[in-house]
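What follows is a set of notes on a single structure, which appears directly below.
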Protein chains: 2
Amino acid sequence: MPGETQDLRDAGLKVTVPRVKILQILESASESNTHMSAEDVYRALLEAQEDVGLATVYRVLTQFESAALVVRHNFESGHSVFELDRGEHHDHMVLIDSGEVIEFSDPVIEKRQREIAESRGFELVDHSLVLYVRKPTR
Amino acid sequence: MPGETQDLRDAGLKVTVPRVKILQILESASESNTHMSAEDVYRALLEAQEDVGLATVYRVLTQFESAALVVRHNFESGHSVFELDRGEHHDHMVLIDSGEVIEFSDPVIEKRQREIAESRGFELVDHSLVLYVRKPTR
DNA sequence: TTGGTTGCAAACAATTTGCATAAAT
DNA sequence: ATTTATGCAAATTGTTTGCAACCAA
């Protein structure tokens with residue numbers, strides 16, 4: 001009866017060991033505000049002695065994305081990273097030196113984006129905003 | 001003495017046929033506000049009867065990026081698209097249905113981004129903003 | 001029981017690299 | 001004459017798919 005089981009049921013997915021375990025891994029990553037790649041999740045599973053194939057990790061993550069349990073980001077080309085969808089929308093700030101990701105949300109920008117799209121005659125469906133920042137030189 | 005030749009010299013790159021031709025292709029794409037993938041550029045070269053290898057296209061585009069002649073975007077995972085860097089910064093709006101890319105620039109958002117980074121104690125170095133929009137349903 | 005799920009290997013797509021040859025300065 | 005660039009094929013990387021065995025409902 002842990003939460004993961006219910007989350008999976010709600011998403012209409014069968015409750016299997018790989019899926020529960022992957023959800024748990026994403027949950028702990030979420031606590032430390034970390035974004036994981038499929039490869040990262042795969043390694044975490046191996047460390048936890050779980051014998052899950054990499055292909056399954058990809059399949060499960062894609063299913064989770066469709067079920068809106070996770071959000072996929074393509075910050076850089078070459079690979080995707082995933083994070084648990086905790087509902088509230090936010091944007092990202094990436095520290096150039098460390099690669100650390102900080103989340104933020106700003107109503108002014110959100111509003112302005114909608115205005116810009118509408119002023120061009122469009123409806124804003126989604127957006128992606130990443131600020132690349134660094135600690136001031138001194 | 002065409003402009004491309006000088007651009008390459010200024011960038012410290014040898015003036016070769018592939019490089020000049022690729023610059024020209026990116027220039028005409030720039031006029032029609034189009035973003036091209038490496039594959040797109042490669043096909044354009046073939047159509048122009050230029051016998052340039054795909055690997056060279058990748059190498060040249062990467063060099064152009066380092067030389068700040070072009071900007072690379074990763075709108076969607078799987079492949080990069082390139083556009084000539086005409087100096088003025090701008091963001092992008094992608095039409096969900098057609099994939100068409102529209103450029104825009106908004107001082108309010110630019111300013112706010114800087115404020116957000118600074119309020120967290122960081123210096124804004126760069127950013128990426130993409131609005132995914134669609135034509136209103138009716 | 002039975003259809004959804006998994007592991008494994010093979011298949012793919014985008015991009016990179018090694019190397020011998022060709023071209024630019 | 002040197003140094004750098006190119007073409008081609010082979011190698012890499014990230015991700016997807018076919019399929020037989022497996023497992024949750």
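Numbers restart at 1 for each chain; the letters A, B, ... are given by sequence-line order, proteins then strands.
- With distances taken from any side-chain atom of H79(A) to the nucleotides dG14(D), dG7(D), dA24(D), the minimum falls on dG14(D).
- The CG atom of D40(A) sits 10 Å away from the P atom of dG14(D) (whole-angstrom rounding).
- The D51(B) side chain lies nearest to dC8(D) when the options are dC8(D), dT6(C), dA14(C).
- Whole-Å rounding puts the L45(A) CG to dC8(C) P distance at 13 Å.
- Listed nucleotides dT15(D), dT15(C), dT25(C) differ in distance to K14(B); the shortest reach to its side chain belongs to dT25(C).
- We find that OH of Y42(B) is positioned 13 Å from C1' of dT6(D), with the value rounded to whole Å.
- In this structure, E110(B) does not pair ionically with R114(B), as no charged nitrogen and carboxylate oxygen lie closer than 4.0 Å.
- Rounded to whole Å, atom C1' of dT17(C) lies 13 Å from atom CG of L54(B).
- Rounded to whole Å, atom C1' of dA24(D) lies 19 Å from atom NZ of K21(A).
- When each of E31(A), E27(A), H35(A) is tested with L84(A) by the rule side chain to side chain contact (heavy atoms under 4.5 Å, CB included), just one qualifies, namely E27(A).
- Taking 4.5 Å as the limit, some side-chain heavy atom of K14(B) sits within range of a side-chain heavy atom of R19(B).
- Comment: E115(A) engages K111(A) in a salt bridge, judged by a side-chain N to carboxylate O separation of less than 4.0 angstrom.
- In terms of phosphate contacts, T16(A) brings a side-chain nitrogen or oxygen within less than 4.0 Å of OP1 or OP2 of dT6(C).
- The separation between R43(B) atom CZ and dA13(C) atom P is 13 Å, rounded to whole Å.
- Put simply, CG on L61(B) is 15 Å from C1' on dT6(D), counting in whole angstrom units.
- In terms of position along DNA chain C, the nucleotide closest to P18(A) lies nearer the 5' end than the nucleotide closest to the other residue of the pair A38(B) and P18(A).
- Of the candidates dT6(C), dA9(D), dA14(C), dA9(D) carries the atom nearest the A55(B) side chain, counting heavy atoms from C-beta on.
- In this structure, the CZ atom of F75(B) is 18 Å from the C1' atom of dA14(C), given to the nearest Å.
- Side-chain atoms of R59(A) stay outside donor-acceptor range of the base of dG4(C), with no qualifying N/O pair under 3.5 Å.
- Taking 4.0 angstrom as the limit, S80(A) places a side-chain polar atom (N or O) nearer than this to OP1 or OP2 of dT15(D).
- Contact annotation: Y58(A) reaches the phosphate of dT15(D) (side-chain N/O to OP1 or OP2, under 4.0 Å).
- E103(A) and R86(A) are joined by a salt bridge, as a carboxylate oxygen and a charged side-chain nitrogen come within less than 4.0 angstrom of each other.
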